[in-house]
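Every chain is numbered from 1 and lettered A, B, ... according to where its sequence line falls, protein lines coming before strand lines.
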Amino acid sequence: MLNYNSPIMDAKNYSGIKISVTESVIKINLRGKNRDFITKIGKELSIIPPTDPNISSGNEKLNILWLGPDEWLLYSNDKIDFKNNNSLEDRLFDQISKVKLGSVTNVTDHWVMINLKGDNVFELLSSGCPFNFNDFKNSKGAVTQTLLNHIDVIIHNKNINDLNLFVRRSFSIHLWSWMNDSARFI
Amino acid sequence: MSKNLRITNSKFIDQTSRISFKFDGKTLYGFKGDTLASALLANDIHLVGRSFKYHRPRGIMTCGSEEPNAIVQLGNDSSMTEPNTRATEIELYEGLEASSQNCWPSVNFDIGAINNFFSPFIPAAFYYKTFMWPASFWEKYEYFIRKSAGLGKSPTKPDKDIYDHKYLHCDVLIIGGGISGIIAAKTAAQNNLNTVLLDDKNNLGGTTLFQNNECFKINNTYSSEWLKKEIESLNSFKNLTIKTRTTLAAYHSYNYLLARENLTDHLSLIEKKDKIRQRLWKIRAKKVIIATGAMERPLIFNNNDRPGVILSSSIKKYIDYYGVKCGQKISLFTNNDTTYETAISLNKSGVTINSVIDIRDKSNSSIVKEAEKLGIKVHWKHTVVNTNGYKRISSIELMKLSDDGAGVVGNKSKEECDCLGISGGWTPRVHLFTQSGGKLKFRDKDNIFLPDKSESEQISIGSCNGDFELDDIIKNSNKSIKEFLNLNSSDYENLEINCSKETDKKNIWLLPSNKPLGKTKPFLDFQNDSTAKDVKLALREGFKSIEHVKRYTTTGMGTDQGKLSNMHALGIIAETAGVKMGELGTTTFRPPYTPLTFGTIVGRNVGEFFDITRRTPIHDWHVEKKAEFENVGQWKRAWYYPINNESMHEAVQREAKAARDSAGILDASTLGKIDIQGSDASEFLNRVYTNAWSKLEIGKCRYGLMLNEDGMVYDDGVTTRLDENHYIMTTTTGGASNVLSKLEDYLQTEWPELDVYLTSVTDNYATVSICGPNSKKILSRVIPDLDLSDKEFSHMSFKNALIDNIKCRVMRISFTGEHSYEINIQSSYGKSLWEKCFEAGKEFNITPYGTETMHLLRAEKGFIITGQDTDGTITPVDLQMDWIISKKKYDFIGKRSLYRSDTIREDRKQLVGLVTDDPKEVLEEGAQIVSEANKKPIEMVGHVTSSYFSPNLNKSIALAVLKNGKKLKGQKMFVPMKNKTINVTITDTVFLDKENKRLNA
Amino acid sequence: MFLINCPYCGERDQSEFSAGGEAHIVRPKQPTELSDDQWAEFLFMRKNIKGVQLERWNHAHGCRKWFNMVRNTSDDKIHAVYKMGEKPPIK
Amino acid sequence: MKNKYSIFSLIKNAFSHHENWQRVWRDPEPKKEYDAIIIGGGGHGLATAYYLAKKHNLTNIAVVEKGWIGGGNTGRNTTIIRSNYLWDASAGLYDHALKIWEGLSQELNYNVMFSQRGVMNLAHNLQDVRDLKRRTHANRLNNIDAVWLNTEEVKKFCPIINTSPDIRYPVLGGTLQRRAGTARHDAVAWGYARGADGMGVDIIQNCEVKGIKRNGDSVEGVETTKGFIKTKKIGVVAAGHSSVIANMVDIKLPLESKPLQALVSEPVKPIIDTVVMSNAVHAYVSQSDKGELVIGAGTDAYVSYTQRGSHDVVEGTLKAILELYPIFSRMKMLRQWGGIVDICPDASPIISKTHIKGLYFNCGWGTGGFKATPGSGDLFAHTIANDEPHKLNADFNINRFISGDLVDEHGAAAVAH
């Protein structure tokens, strides 16, 4: 038997802010340059990867975040059981990578997804993030890649004051304890 | 016995809440709202410190951040004490303890004051001219110079306070909450702009806040009354953020500004606890409005530095705001109208004013008439030629000015006083403007530097922009705000403003005396004790540039950064050198505007958060097993696993032996992993590695060496072909991120035509490496259904596998020379897999080993570590790895550099093995190698890069780079240590299993 | 801290970027044909202009894309940014 | 010749209220022609002029400076002086300089306050240890005083360093060069200027070079804001602006000019009596005679001639300072500033002839030029006077970038496993 271990298995509440880790949602990195790539993805997932910067597209199951002109992050809303589910990755790999339309890479455990909820989430971010959230705040679905206390993060604005933040696994414990330290002062 | 100089009618001081504090050990009392300075003055204490060089008694001179003299040591706790704080800025709190600086044994009796008597012999920069003989004595001279220099004392224990950072993005940032700043803030806020208003004081309003003078009215009320209403009206705006006790420290390009907010410095010791002390705001503003006001100038005359000599407008603030009389018999000395406001305020409060000494011939302004109406005596066209009193001014001597103002005429008269207010006019605070790169222009009318043009989106308004009259301030501020924010109208169009206007101006930078200059002490920089004489000396000696004069005389280099002294220094230089001040220019104002606490700049990035810590998915297991860790870049890697208090050596010897005798297990998760896909993947690898890749079969692995464009070894690792157009590359732990960005760089800029995609998957996989003769048996228990036969799964090949239905990639590769496997599994199952392997290996005594043992094992086998055996000056040829350089390939990164005249030299330093004559003797890594034992001077021919005691060979082994080493195999060399010379023999780099039997065992 | 307009992501703080030096120094297509001098020219020699310079930047902590910038090195004013492969806009 | 400076001259002048001191240097208008012109009135340029006059009897020479002498990196650096370099060539160069420093105040009769309070370099990871030990061994064999200190000895030598094993990057040891130390930067420029001026060298300030006139492949003179000046030999010592001069004659140099920042704290009573450098966490600190903590920050990665750098660099440096010296948290930054440093790919300088006859370059000192000032001047003077490098600067020629014979003082790059 192999057991699943998340670097952080915790949720914390502070004034106007709740931070928690969402385990085992599938994450896939998509790369591709031409139309056919976009349409193929669209067919496969019935979501069109956004071609405009800093936004996302999605449905009740999946989200596709714009990371760059030829790069996207796909992630699921629901937890999945890895022991009998790699179908999505394999399907996409065959449909995209094998036929030279681009690349499909499983990054499920490359990123740890931390959820931030509450009126003060942007207060927390502003104590370590040079990004200007003034417009981002109010635009549902907005995406940004930036630095949080010198650590690379991807931030997805799911809903008003409800963010999903992605951080590389090896940095996650450090960032987590920094977030908790920051939250004390909000 | 100190008397109480407090009057009762101040609205800003809460005289019901008494605060006790200590100054120089003496318990005193003040009130909520006091600064340390106002509280001391209320207790009739003027003498608060000693000057830097001559240790002359000095008193409080101002009421703000420009204070040069009243610099005190705050607190006496060794971790919380703070040197060089300005008494004029410290808000009084219960339990405050402060003491005088730079004096011994006490501020009242200071041995150092002897310097004052030597002052004739120690003019500016005297130290460049002496202390040179005998040469060896400089150290001793310097010891005393250092002891007498310095002001306060550094803490000696770590700071207990917390500091913080916050980023802030706004449409309009307004710096300064005086009358023009408030007009700006309200106007911006009314127009729905995201607005921020900063002020360094604890409340808004500036000097207008306590301006209750008949001569200054807006809509027929005191300007103070009018402003209070405006301030109250600000509370209604949600889009306006007001931060008081917040000082703008630095104004950088692209409207990036740093401001320090003081959160607890004004609180009592109990209230401070566990709160953030100061916060640094990192502000990015679309537009910036500077409304920082102006500073009053002193006057430069003989002995103008005595305790009791105070800027006239500060005397006004002390009486009108703090309700404190700076003296009981006050004389005022001025060249402008504002002093008469002070006179009137003092007169209202019943303080005796001896007289106003005014260097001007006359003035017809309403404020002057008002003062004369009140019976205040004015000595027109007079100057003060000297002051008396040592620890407190006791009298002044005045004389009539000659018509040209260059000299004095008539008889000297004396005036008893316990305080002298001085005013030399006003200097706009243009510091922030210049910090932002703005250029200044000079206005002759009143000798001030003003903001001229600026690159960034900003304006200056109010008196920092040269508007000194109330009506100009309001009208011009309003006008420029509207233009700047593109508005048609504002609330401040048709105000009815009455104010006194200054009619007559006169300025003399260095006031004449009846004594020759050489016999006087007209101070310019009160903290650094530089006088007008010093400036003239510098000019005489040929130091023409302002920067030269400043550095030679140290004028303006004190903790006040010359806020008071700069203008007069410039004036005197211009006069003496006979140039226009406009042409002379100013010295540069460097950030920060006022000194900024290190802790504030660093914020919470201390201790745990000093730098990022990266951990592998298996980290906790290593911790449980009491592993020692090594820092590798930002990673924590298990270094070795001591059991029942083994030394490092013992642990490593045990681990290394076990790995070859039976089985070892290593956490290799930190290695960089890059997923490579695309139809040109193979061609890409051909270009970035020195060897050829096109022919690598699917399912096979290959070692690759990556060079810099200059031909030097950059990184290495094993890359595996997973599929036709799919590879996984591994890089060194330290090199991972640099390699990825380097490769991205080539793809995006040099080879955009290649269809290749790189994705970092370093963190996605945990890598468990099992090596040793029993590794195969162990793996077969972990993955029973995987065929591990050499035929099916040979060295340097890979297999996909499922463990408990979790996908993983198994590579049969080896960095130890042993038969070994690397299992890559998604990180979430890494720790579990590791434990599973450990369980499966128990009966074979599988031994976890760390980076140190890994180093040892690979060294036995002669494998290099880039960054340890290479140092950026080593080519593959130098490593004797010619085999890895494809002769067929037309080009690869760094190829051309390998054929430069120096890189093809035969006698370059080359990688070799070393064994010591005494097999027990382990060489020191970094030790140098020479060819002859006792020759001097010795030419160093190489150095030891890696060295260990090999438990498997039972002897010491080492790798080294050695000049011409290739050809010297078998020869003797010498390693000269501090106290002995070690004999070594040059060998092949492979010490163990040259035939690679073990790999396939 | 500069405010840099990434051609892909928009205005971002300088800390998200890394500088890559002088732009339009194309890697020779046939390095082996070059003399040591010509190779050194490509490898090491730089104009190091004081004034308007074309240079490379990478949005390292954003979209990871390289792009070019027109910047005056004597006052740090950024005049324009443009994508790799594009012609520099008129200075 | 100049009046001698001494305690007696101070006393003597006290009686005339210091009104009879002579000029430290004249303020001449440029002549029509000089035997040699030095472009750049920083420490290196003035030293070059001084030694040209003193050792090579070239007195009909001028130093042209676009601003005020010593106003560039000479007056902006953290004044660290050491010679514990790794490679023989560097060791030879920097120790030559250090030996001159040891007698410089007396030679110039100007107190440059060279203070041999020692420089300690700390190691924070295992590769640091290897690199620093390697350097220490090399230094010892080059007869440069350098000793390895273990953590306890580091603590003993400088007790305020946080040597706790629990910090993020614990101090694993360090090397100490006791002969190393600091000096008063302005005094170096002024002292050399006074010395050179005394031998007849013209020091011409506010005189910017606008062009270099050549005849075929030899130089004829310089176009300046004060007119054309004829000369057959031009020594360029323009630091951050070297490339600007080089571009005038279509020479490309392997240089990039980048912002380097430094800062000082408010003055306090003596608290640290040596110089401590830590490359790994990037914190350099010493204390000036005036009592200020003098702290060197890093360079920015981009070219800039603005003498301003980015705040992150300053923040990063102070972060490291507080990691190693938590007691400094309540100290305050008084002043921060930037310089423009010309950096070579191998972090070593260029003191070299060029393919143009009579044109010489002394540049590429990067972040560490101040320490070399006397040696650099001496060797550059030799190179200009003899049209041949001295053996100590032979390796620092421009051609090394073509042949690949670099003097790489970066040491190991990233630690890799």
Between B/Arg858 and chain D, with a heavy-atom cut-off of 4.5 Å, which part of the residue counts as in contact: side chain, backbone, both or neither? neither

Please check if any side-chain donor atom of B/Asn631 sits under 3.5 Å from a side-chain acceptor atom of D/Arg168, or the reverse. yes

Please look at B/Gln634 and chain D and tell me whether the side chain, the backbone, both or neither of the residue comes under 4.5 angstrom of a heavy atom of that chain. both

What I'd like to find out is whether the side chain of B/Thr559 reaches to under 4.5 Å of the side chain of D/Lys332, using heavy atoms alone. no

Nearest-0.5 Å distance that lies between atom CG in D/Leu104 and atom CE in B/Met132: 11.0 Å

Can you check whether D/His137 reaches B/Lys978 side chain to side chain, under 4.5 Å on heavy atoms? no

So, taking the atom named CD in D/Glu19 and the one named NZ in B/Lys536, what distance separates them when rounded to the nearest 0.5 Å? 9.5 Å

Per-residue contact mode, B/Ile71 against chain D (heavy atom under 4.5 angstrom): neither

Using only atom types and a distance under 3.5 Å, with no angle test, would you say the side chain of D/Gln127 pairs donor to acceptor with the backbone of B/Gly867? yes

With ring centroids as reference points, do B/Phe543 and D/Trp25 lie under 6.0 angstrom apart? yes

Checking side-chain contact (heavy atoms from CB on, under 4.5 Å) against B/Gln928, which of D/Asn139, D/Asn142, D/Leu141, D/Thr136 comes through? D/Leu141

Could you check whether any side-chain heavy atom of D/Arg330 comes within less than 4.5 Å of a side-chain heavy atom of B/Met80, counting everything from C-beta outward? yes

Taking the side chain as C-beta and beyond, is there a heavy-atom pair between B/His548 and D/Ile69 under 4.5 Å? yes

Are the aromatic ring centres of B/His943 and D/Trp87 under 6.0 angstrom apart? no

Centroid separation under 6.0 Å, is that true for the rings of D/Trp190 and B/Tyr128? yes

For B/Asp534, is it the side chain, the backbone, both, or neither that has a heavy atom closer than 4.5 Å to a heavy atom of chain D? neither

Relative to chain D, which segment of B/Leu151 carries a heavy atom at a distance below 4.5 Å: side chain, backbone, both, or neither? both

Testing the basics here: between D/Lys133 and B/Glu925, what is the closest heavy-atom pair and its distance to 0.1 Å? CB-O, 3.9 Å

Tell me, side chain or backbone of B/Thr81 under 4.5 Å from chain D's heavy atoms, or both, or neither? backbone

Of the backbone (N, CA, C, O) and the side chain (C-beta and beyond), which part of D/Leu132 lies under 4.5 Å from a heavy atom of chain B, both, or neither? neither

So which residue, D/His17, D/His18, D/Lys4, D/Glu292, ends up with the most heavy-atom pairs under 4.5 Å with chain B? D/His18

What part of D/Asp88 is in contact with chain B, defined as an atom under 4.5 angstrom from a non-hydrogen atom: side chain, backbone, both or neither? side chain

Measure the shortest side-chain to side-chain distance between B/Ser154 and D/Met331 over non-hydrogen atoms and say whether it is less than 4.5 angstrom. yes

Sub-3.5 Å donor-acceptor pair from the side chain of D/Arg335 to the main-chain atoms of B/Gln561, do we have one? no

So with a 6.0 Å cut-off around CD of B/Glu139, is the heavy-atom count from everything else above 12? no

Between D/Asp273 and B/Arg146, is the salt bridge (Lys or Arg N to Asp or Glu O under 4.0 Å) condition met? List the steps. CA-CA 10 Å; D/Asp273 61 2; B/Arg146 283 178 170 253; over 6 Å; no

Atom of D/Phe401, atom of B/Arg900 and distance for their closest heavy-atom approach: O-NH1, 4.2 Å

Rounded to the nearest 0.5 angstrom, the OH-OG distance for B/Tyr163 and D/Ser329 is 4.0 Å

Verify side-chain hydrogen bond (donor to acceptor under 3.5 Å, both in side chains) between D/Ser115 and B/Glu142, making sure each step is shown before the conclusion. CA-CA 8 Å; D/Ser115 168; B/Glu142 192 183 31; 2.8 Å; yes

How many angstroms lie between CG in D/Asp346 and CG in B/Asp710, if you round to the nearest 0.5 Å? 10.0 Å

Is a side-chain donor or acceptor of B/Asn84 paired with a backbone partner of D/Pro267 at a separation under 3.5 angstrom? yes

Could you tell me which of D/Pro170, D/Ser6, D/Gly191 has the largest number of non-hydrogen atom pairs under 4.5 Å with chain B? D/Ser6

Most heavy-atom pairs under 4.5 angstrom with chain B, which of D/Gln106, D/Glu266, D/Arg23, D/Arg135? D/Glu266

B/Thr945 versus chain D, heavy atoms under 4.5 Å apart: side chain, backbone, both or neither? backbone

Any heavy-atom pair between the side chains of B/Asp611 and D/Tyr169 that's under 4.5 Å? yes

Residue D/Arg184 versus chain B: region with a heavy atom under 4.5 Å: side chain

What part of B/Thr597 gets within 4.5 angstrom of chain D, counting heavy atoms only: side chain, backbone, both, or neither? both

Tell me whether D/Arg308 contacts the main-chain N or O of B/Gln435 through its side chain, where contact means a donor paired with an acceptor under 3.5 Å. yes

Please flag which part of B/Ser119 lies under 4.5 Å from any non-hydrogen atom of chain D: side chain, backbone, both or neither. neither

Does any heavy atom of chain D fall under 4.5 Å from the side chain of B/Leu258, the backbone, both, or neither of them? side chain

Counting only heavy atoms closer than 4.5 Å, note whether D/Leu322 contacts chain B via side chain, backbone, both or neither. side chain

Shortest non-hydrogen contact from D/Gln336 to B/Arg590? O-CB, 3.4 Å

Is there a side-chain hydrogen bond (donor to acceptor under 3.5 Å, both in side chains) between D/Asn206 and B/Lys544? Walk through the geometry before answering. CA-CA 11 Å; D/Asn206 302 308; B/Lys544 273 174 62 185; over 6 Å; no

Just so I know, are the side chains of D/His185 and B/Arg551 near enough to count as touching, which here means a heavy-atom distance under 4.5 Å? yes

At a heavy-atom separation under 4.5 Å, does B/Ser545 approach chain D through its side chain, its backbone, both, or neither? side chain

With a 4.5 angstrom heavy-atom cut-off, is it the side chain or the backbone of D/Ile203 that approaches chain B, or both, or neither? neither

Could you check which of D/Leu10, D/Thr306, D/Thr317, D/Asp289 has the highest count of heavy-atom pairs closer than 4.5 Å to chain B? D/Asp289

Closest heavy-atom pair, B/Pro158 versus D/Ile327, reported as atoms and distance to 0.1 Å, is N-CG2, 3.9 Å

When the 4.5 angstrom heavy-atom criterion is applied to B/Phe609 and chain D, the contacting part is neither

When you measure from the centre of the six-membered ring of B/Phe52, is the NZ or CZ of D/Lys290 under 6.0 Å away and within 45° of the axis? yes

So which part of B/Thr85 gets closer than 4.5 Å to some heavy atom of chain D, the side chain, the backbone, both or neither? both

Closest contact, heavy atoms only, D/Lys269 versus B/Asn102: NZ-OD1, 3.0 Å

Do the side chains of D/Lys319 and B/Val606 get nearer than 4.5 Å, heavy atoms only? no

So which part of B/Gln101 gets closer than 4.5 Å to some heavy atom of chain D, the side chain, the backbone, both or neither? neither

Is there a donor-acceptor pair under 3.5 Å between the side chain of D/Asn111 and the backbone N or O of B/Thr130? yes

With salt bridge (Lys or Arg N to Asp or Glu O under 4.0 Å) as the test, would you mind laying out the steps for B/Lys282 and D/Glu315 before giving the verdict? CA-CA 12 Å; B/Lys282 299 178 172 183; D/Glu315 181 178 315; 2.6 Å; yes

